[in-house]
Novice: 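Have a look at the structure that comes next, please.
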Amino acid sequence: MKILVVKNKDELSRKSAEAIIDTVKQNPSAVLGLATGGTPLGTYQNLIRDRQENKTTYQRITTFNLDEYVGLDESHPNSYHQYMRTNLFDHLDIPRENTFLPDGTASDLEREANRYDKLIESRGGIHLQILGIGENGHIGFNEPGTPFSSQTHIVELTESTRKANARYFSSLDEVPTHAITMGIASIMKAKKILLLVSGEKKSQALYEVLHGNITEQVPATALRNHPALTIIADEAAFQNMPRQAGQLIFQ
Ligand code: F6R
C-alpha cells in the first residue's frame, strides 16, 4: 500500500488527476473505474483542464462507474449517469458508447448486475479504479456487512448514506432507497486502486482502512489486501486520528 498525504483537497484533486492522466498516456486503451460523489469532483475538473490545455485524448478509453441509484432514469438530474456527463464526459473526447454505468431502471436488476460484471470482464477488466469512501467505510454502495465475495448487486441504502446524499436532492424522501453497485470482489479485481480520502469526517474510516481489523463491518478494510492500492488523503482526513496512527503514517 502506498499512502500519499497531501495538504488539502486541491492537492488531492491535482495528484489524483495526474495518476489518471499517466494511466491514459501509458495505455491509451485503458479501462478506468470511476466514482461519483463530492470527493472526485476536483479530480474531474483537473482532467477537463488538462484536456483543454494539453489535449490528452480519451478516444480509446473505456470507463465503468461503480454504481447507480435504482429507479432513477439516466436523464434524472440526480442520476449518476447525469453526474458523469455534466462533470466529466461532456468535456472530454471520450465516445459516449465507451462509458458504462449500471442501469438502475432495468426491469430485471439481478440480471443487470450480472451483465455488468460480465461486461467489465469482456473489456479486459479495470486498469485503474478510483474510489471515494463513506463515513461508515462504504465503498461504492457496499454498506457495512456486505460480503467481501460480493459481485455487482442490488443494495438497500442505510439511513446514514441516504442522509449524506440528501444534499443533492430537495428532500430526504426523494433519495432512492436502493442502488446497484459493483461488489467488493468486483472492485478488488481492478489491477490498481486509487482511494481518495478528504476531510475530517472521513478520518475514522481512514483509520480503519489503515489500522483496523479487516472486517466486512467496514467494507473499505478489504482494500488492505489489494496488491496495488494507493491512498491519497489530505491532512484533514488525519485529524481525529489517534496520535499513534498519525505517527505511523508520517514515518
Ligand atoms: C460514489 C460512491 C460512494 C462515494 C462515497 C463518498 O460513486 O461510490 O462510495 O465514493 O459515498 O462520497 P463523497 O465523495 O461525496 O464523500
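For ligands, and for the atoms within them, numbers begin at 1 and follow the listed sequence.
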Novice: Taking only Lys NZ, Arg NE, NH1 and NH2, and the carboxylate oxygens of Asp or Glu, determine whether Asp90 and Arg96 approach each other closer than 4.0 Å.
Specialist: yes
Novice: Measure from atom 4 (C) of ligand 1 to every heavy atom in Leu131, Thr36, Thr161 and give the option owning the shortest one.
Specialist: Thr36
Novice: I'd like to check whether Gly140 has a polar contact with ligand 1, where a contact means an N/O of the residue lying under 3.5 Å from an N/O of the ligand.
Specialist: yes
Novice: If the cut-off is 4.0 Å to any non-hydrogen atom of Leu66, which atoms of ligand 1 fall inside it?
Specialist: 8 (O)
Novice: Checking salt bridge (charged side-chain N to carboxylate O under 4.0 Å, His left out) for the pair Lys118/Glu121: CA distance, chi angles, key distance, verdict?
Specialist: CA-CA 5 Å; Lys118 290 202 178 101; Glu121 267 172 44; over 6 Å; no
Novice: Taking the minimum heavy-atom distance to atom 2 (C) of ligand 1, which of Asn65, Asp67, Ile130 ranks first?
Specialist: Asp67
Novice: Closer than 4.0 Å to some heavy atom of Gly38 - which atoms of ligand 1 meet that?
Specialist: 13 (P), 14 (O), 15 (O)
Novice: Tell me if the centroids of the rings in Phe169 and Tyr69 come within less than 6.0 Å of each other.
Specialist: yes
Novice: From the options Lys202, Glu143, Arg167, Lys201, select the one whose nearest heavy atom is closest to atom 16 (O) of ligand 1.
Specialist: Lys202
Novice: Verify salt bridge (charged side-chain N to carboxylate O under 4.0 Å, His left out) between Glu11 and Arg14, making sure each step is shown before the conclusion.
Specialist: CA-CA 5 Å; Glu11 202 182 341; Arg14 277 199 307 278; 5.1 Å; no
Novice: Check whether the side chains of Ser75 and Asp73 place a donor and an acceptor atom closer than 3.5 Å, and report yes or no.
Specialist: yes
Novice: Hydrogens and angles aside, do Glu143 and Thr161 bring a side-chain donor and acceptor to less than 3.5 Å of each other?
Specialist: yes
Novice: Can a donor-acceptor pair be found between the side chains of Arg111 and Asn114 at a distance below 3.5 Å?
Specialist: no
Novice: For atom 6 (C) of ligand 1, what's the nearest protein heavy atom and its distance?
Specialist: Ile133 O, 3.3 Å
Novice: I need the nearest protein heavy-atom contact for atom 5 (C) of ligand 1: residue, atom name and distance, please.
Specialist: His138 NE2, 3.4 Å
Novice: Would you mind listing which atoms of ligand 1 come within a distance below 4.0 Å of any non-hydrogen atom of Gly132?
Specialist: 10 (O)
Novice: Taking distance alone, with no angle check, do Phe141 and ligand 1 share an N/O pair under 3.5 Å?
Specialist: no
Novice: Nearest protein heavy-atom contact for atom 14 (O) of ligand 1: which residue, which atom, what distance?
Specialist: Thr39 OG1, 2.4 Å
Novice: Applying the side chain to side chain contact (heavy atoms under 4.5 Å, CB included) criterion to Ile231, which one of Leu195, Val5, Ile133 satisfies it?
Specialist: Leu195
